[in-house]
A.B. asks: 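Input: one structure, supplied below.
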Amino acid sequence: MGIASRFKEEKFLIAALVVAVIAYLLEHAVMEMGRGAALIAAAALVGTIVLASIRVAHHAELLAVKVGDPYGTMILTLSAVAVEVIILAIMMTGESSPSLVRDTIYSALMLDINGILGLAALLGGLKHGEQPYNDNSGKTYGVMILTAMGISMVVPEFVPSDKWHYYSAFTIVAMIALYGLFLRMQVGQHSYFFSYSYPRPERKKESHDDHGSDEQAAVSIATILVGVVIIGGLAEFMSAFMTEGLRDSGAPIAVTAIVVAAISAAPEILTALRAALRNRMQATVNIAMGASLSTVILTVPVMEGIALYTGQPFVMAMTPVQTVMVAITLIAAAINLNDGETNAIEGMTHFILFATFIMLTALGL
């Protein structure tokens with residue numbers, strides 16, 4: 001592929017770079033124009049970040065196809081979580097709410113399990129009926145998410161404020177240990193937990209996809225790295241504009257958290273829905289549940305590390321409403337992902353939980 005064709009293909013990333021330069025040059029001018037202009041600029045940057053994230057996810061998908069499951073979906077979810085961690089780290093250095101990290105992780109869990117998995121299982125079930133997958137993956141993801149959420153976002157409610165740094169350090173070690181073992185399982189002797197052998201005719205039907213050369217893989221890796229850097233720059237300006245635009249507006253604090261979670265999940269939504277509609281529910285389960293686990297188990301140690309370094313603790317303990325919603329979600333997931341098949345009814349239960357999450361957020365809960 002020539003250089004001109006390559007640039008044309010990456011027009012969204014190039015446009016994102018141009019927008020970042022414009023935001024840098026006009027930041028102070030936009031701030032002086034008031035909250036309305038700041039909100040419009042923030043919305044434009046959110047849209048730009050989503051487009052850039054989709055290109056990053058596209059190259060993650062190319063790598064995913066080349067290496068196959070479970071490595072493929074792991075690459076996709078890690079790229080999305082990297083975007084989320086960068087945005088959160090940048091926003092935490094500004095005037096963000098001390099509960100931003102907690103609310104973002106909670107929003108990501110609701111969006112991934114109830115939104116992505118729920119909608120995918122609903123639409124896939126209406127089209128194909130019962131959709132098979134490896135039930136070992138659902139059980140493994142579920143117990144890991146429950147443990148990680150409990151340690152990092154439930155137990156902190158009972159830790160005295162003068163001892164938060166001790167528990168914070170413990171949390172970092174615990175998350176790293178959990179993820180280290182999980183990675184060993186996912187890519188090692190238990191990798192079959194996260195894959196499913198579909199009938200040969202279906203594999204043939206999709207075998208026309210170009211798995212790419214080593215050169216293409218190198219280009220994809222480089223593009224992902226460049227894209228993440230551009231997204232980080234855009235996120236810094238988006239944070240400033242959104243903070244200014246929402247100041248004294250009365251909007252729920254959780255709105256910013258939902259925006260951050262939605263930005264990182266946007267590419268995953270498209271990929272998971274495509275997989276479900278092609279009757280490949282294993283990829284959908286890996287993406288939705290894997291993204292939830294990665295969000296908790298990777299975001300928490302990074303943010304806790306920043307808190308320990310700066311000496312400024314932030315709120316990680318979930319509110320009673322959040323705790324109840326997470327408990328209902330994980331119990332529903334444990335029941336629904338227990339038999340190796342999803343259907344429209346199971347998808348609808350999760351999607352209704354997602355609608356409930358949106359309603360509670362709108363009510364300021």
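None of these values were measured; they are calculated from a predicted model.
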A.B. asks: For the residue pair S152 and P156, what are the closest heavy atoms and their distance?
C.D. replies: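 Shortest heavy-atom separation between S152 and P156 comes out as O-CG, 3.1 Å.
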A.B. asks: Answer yes or no: are there more than 12 heavy-atom neighbours, outside I345 itself, under 6.0 Å from its atom CD1?
C.D. replies: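 Open: at most 12 neighbouring heavy atoms sit under 6.0 Å from CD1 of I345.
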A.B. asks: Once rounded to the nearest 0.5 Å, what's the spacing between atom CG of N136 and atom CG of L337?
C.D. replies: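 One finds 12.0 Å between CG of N136 and CG of L337.
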A.B. asks: With a 4.5 Å limit on heavy-atom distance, are the side chains of N286 and M281 in contact?
C.D. replies: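 SC-SC contact between N286 and M281 ruled out.
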A.B. asks: Could you tell me whether the side chain of F357 reaches within less than 4.5 Å of the side chain of N114, counting heavy atoms only?
C.D. replies: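 No. Closest side-chain heavy atoms not under 4.5 Å.
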A.B. asks: Under 3.5 Å, is there a donor-acceptor pair between the side chain of T284 and the main chain of A272?
C.D. replies: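 Such a contact is found between T284 side chain and A272 backbone.
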A.B. asks: For T342 and N336, which I'm curious about, is there any donor-acceptor pair between the side chains at under 3.5 Å?
C.D. replies: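 Side-chain D/A pair, T342 to N336: absent.
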A.B. asks: Within the side chain of H350, is there an N or O that forms a donor-acceptor pair under 3.5 Å with the backbone of T329?
C.D. replies: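 A pair under 3.5 Å: no.
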A.B. asks: Does a side-chain heavy-atom distance below 4.5 Å link V159 with Y166?
C.D. replies: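 V159 does not reach Y166 side chain to side chain.
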A.B. asks: Take V226 and L13 through the side-chain contact (heavy atoms from CB on, under 4.5 Å) test and state the conclusion after the steps.
C.D. replies: CA-CA 9 Å; V226 172; L13 279 180; 5.6 Å; no
A.B. asks: Report yes if the side chains of L123 and L119 come closer than 4.5 Å at any heavy-atom pair, otherwise no.
C.D. replies: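 SC-SC contact between L123 and L119 confirmed.
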A.B. asks: side-chain contact (heavy atoms from CB on, under 4.5 Å), that's the test. Do Y167 and V155 meet it? Break it down for me.
C.D. replies: CA-CA 10 Å; Y167 189 78; V155 174; 3.3 Å; yes
A.B. asks: Is T48 close to F237 at the side-chain level, that is, under 4.5 Å between some pair of heavy atoms?
C.D. replies: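 F237 does not reach T48 side chain to side chain.
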A.B. asks: State the CE-OG1 distance between M318 and T323, to the nearest 0.5 angstrom.
C.D. replies: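 The OG1 atom of T323 is 4.0 Å from CE of M318, to the nearest 0.5 Å.
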A.B. asks: Does a sphere of radius 6.0 Å around CZ in R274 hold more than 12 heavy atoms from other residues, nucleotides or ligands, not counting ones at 6.0 Å or beyond?
C.D. replies: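 Counting other residues, nucleotides and ligands, CZ of R274 exceeds 12 neighbours.
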A.B. asks: Hey, are the side chains of M149 and V326 touching, using non-hydrogen atoms and a 4.5 Å cut-off?
C.D. replies: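 With C-beta onward as the side chain, the pair touches.
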A.B. asks: Where do M110 and T356 land on the side-chain contact (heavy atoms from CB on, under 4.5 Å) test, with the steps shown first?
C.D. replies: CA-CA 10 Å; M110 294 295 107; T356 304; over 6 Å; no
A.B. asks: Taking NZ, NE, NH1 and NH2 as the nitrogens, is one of them in R55 or E10 under 4.0 Å from a carboxylate oxygen of the other?
C.D. replies: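 Judged by the 4.0 Å cut-off on N to carboxylate O distance, R55 and E10 do form a salt bridge.
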A.B. asks: If we ignore hydrogens and angles and just use 3.5 Å, is the side chain of R102 paired with the main-chain N or O of A317 as donor and acceptor?
C.D. replies: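 Yes: the side chain of R102 pairs with the backbone of A317.
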A.B. asks: With hydrophobic residues grouped by side-chain heavy-atom distances under 4.5 Å, do I358 and I352 end up in a single group?
C.D. replies: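 No, because I358 and I352 fall into different hydrophobic clusters, even though each may have its own neighbours under 4.5 Å.
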A.B. asks: Roughly how far, to the nearest 0.5 Å, is OG1 of T104 from CG of L109?
C.D. replies: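 Interatomic distance, L109 CG to T104 OG1, rounded to 0.5 Å: 12.5 Å.
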A.B. asks: Between T171 and E304, does any side-chain donor sit less than 3.5 Å from a side-chain acceptor?
C.D. replies: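 Per modelled atom types, T171 and E304 side chains form no pair under 3.5 Å.
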A.B. asks: Can you see which heavy atom on L45 is nearest to which on M238, and at what distance?
C.D. replies: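 Closest approach of L45 to M238, heavy atoms only: CD1-N, 3.5 Å.
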A.B. asks: Distance from M303 atom CE to L308 atom CG, nearest 0.5 Å?
C.D. replies: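 These two atoms lie 12.5 Å from each other.
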A.B. asks: Any side-chain heavy atom of Q322 within less than 4.5 Å of one from D103?
C.D. replies: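 Side chain of Q322 against side chain of D103, heavy atoms only: contact under 4.5 Å found.
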A.B. asks: Decide if the gap between the ring center of Y141 and the ring center of F182 is smaller than 6.0 angstrom.
C.D. replies: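 Centroid distance Y141-F182: below 6.0 Å, so yes.
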A.B. asks: Applying side-chain contact (heavy atoms from CB on, under 4.5 Å), run through T295 and Y106 and close with a yes or a no.
C.D. replies: CA-CA 9 Å; T295 296; Y106 166 68; over 6 Å; no
A.B. asks: If I compare all heavy atoms of A38 with all of G245, which pair ends up nearest, and what's the gap?
C.D. replies: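 Heavy atoms of A38 and G245 come nearest at CB-N, 3.9 Å.
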A.B. asks: Hey, quick one: are I230 and Y24 part of the same hydrophobic cluster, counting side-chain heavy atoms closer than 4.5 Å, chains of contacts allowed?
C.D. replies: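 Yes.
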A.B. asks: Between Y179 and S294, what is the shortest heavy-atom contact and its length?
C.D. replies: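 Of all heavy-atom pairs spanning Y179 and S294, the closest is OH-OG, 4.2 Å.
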A.B. asks: Which atom names give the shortest non-hydrogen contact between V296 and M175, and what distance separates them?
C.D. replies: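 Looking at all heavy atoms of both residues, the shortest contact is O-SD, 4.4 Å.
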A.B. asks: Identify whether L122 and I287 are in the same connected component of the hydrophobic contact network (ILVMFWY, side-chain heavy atoms under 4.5 Å).
C.D. replies: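 Per the 4.5 Å side-chain linkage, L122 and I287 are not co-clustered.
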A.B. asks: Shortest non-hydrogen contact from V30 to A41?
C.D. replies: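 Looks like CG1-CB, 3.9 Å.
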A.B. asks: Between N279 and Q131, is there a side-chain donor-acceptor contact under 3.5 Å, judged purely by atom types and distance?
C.D. replies: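 Q131 vs N279: donor-acceptor pair found between side chains.
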A.B. asks: Would you say I40 ends up clustered with V50 if hydrophobic residues are merged whenever their side chains have heavy atoms under 4.5 Å apart, either directly or through other cluster members?
C.D. replies: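 Different clusters.
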A.B. asks: Would S137 and Q282 count as having a side-chain donor-acceptor pair, cut-off 3.5 Å?
C.D. replies: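 Yes, Q282 and S137 have a side-chain donor paired with an acceptor closer than 3.5 Å.
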A.B. asks: Check the surroundings of atom CE in M348: do more than 12 heavy atoms from other residues, nucleotides or ligands lie under 6.0 Å from it?
C.D. replies: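 At most 12 heavy atoms, drawn from other residues, nucleotides or ligands, come within 6.0 Å of this atom.
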A.B. asks: To the nearest 0.5 Å, what is the distance between CD1 on I14 and CG on L17?
C.D. replies: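 One gets 8.5 Å once the value is rounded to the nearest 0.5 Å.
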A.B. asks: Measuring from atom NE2 of H128 to atom CZ of R280, what distance do you get when rounded to the nearest 0.5 angstrom?
C.D. replies: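 The NE2 atom of H128 sits 11.0 Å away from the CZ atom of R280.
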A.B. asks: Is there a chain of hydrophobic side chains (I, L, V, M, F, W, Y, each step under 4.5 Å between heavy atoms) that links V173 to I176?
C.D. replies: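 No, V173 does not connect to I176 through the hydrophobic network.
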A.B. asks: Evaluate the side-chain proximity of L117 to D112: yes if any heavy-atom separation is below 4.5 Å, no if none is.
C.D. replies: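 No; the side chains remain at least 4.5 Å from each other.
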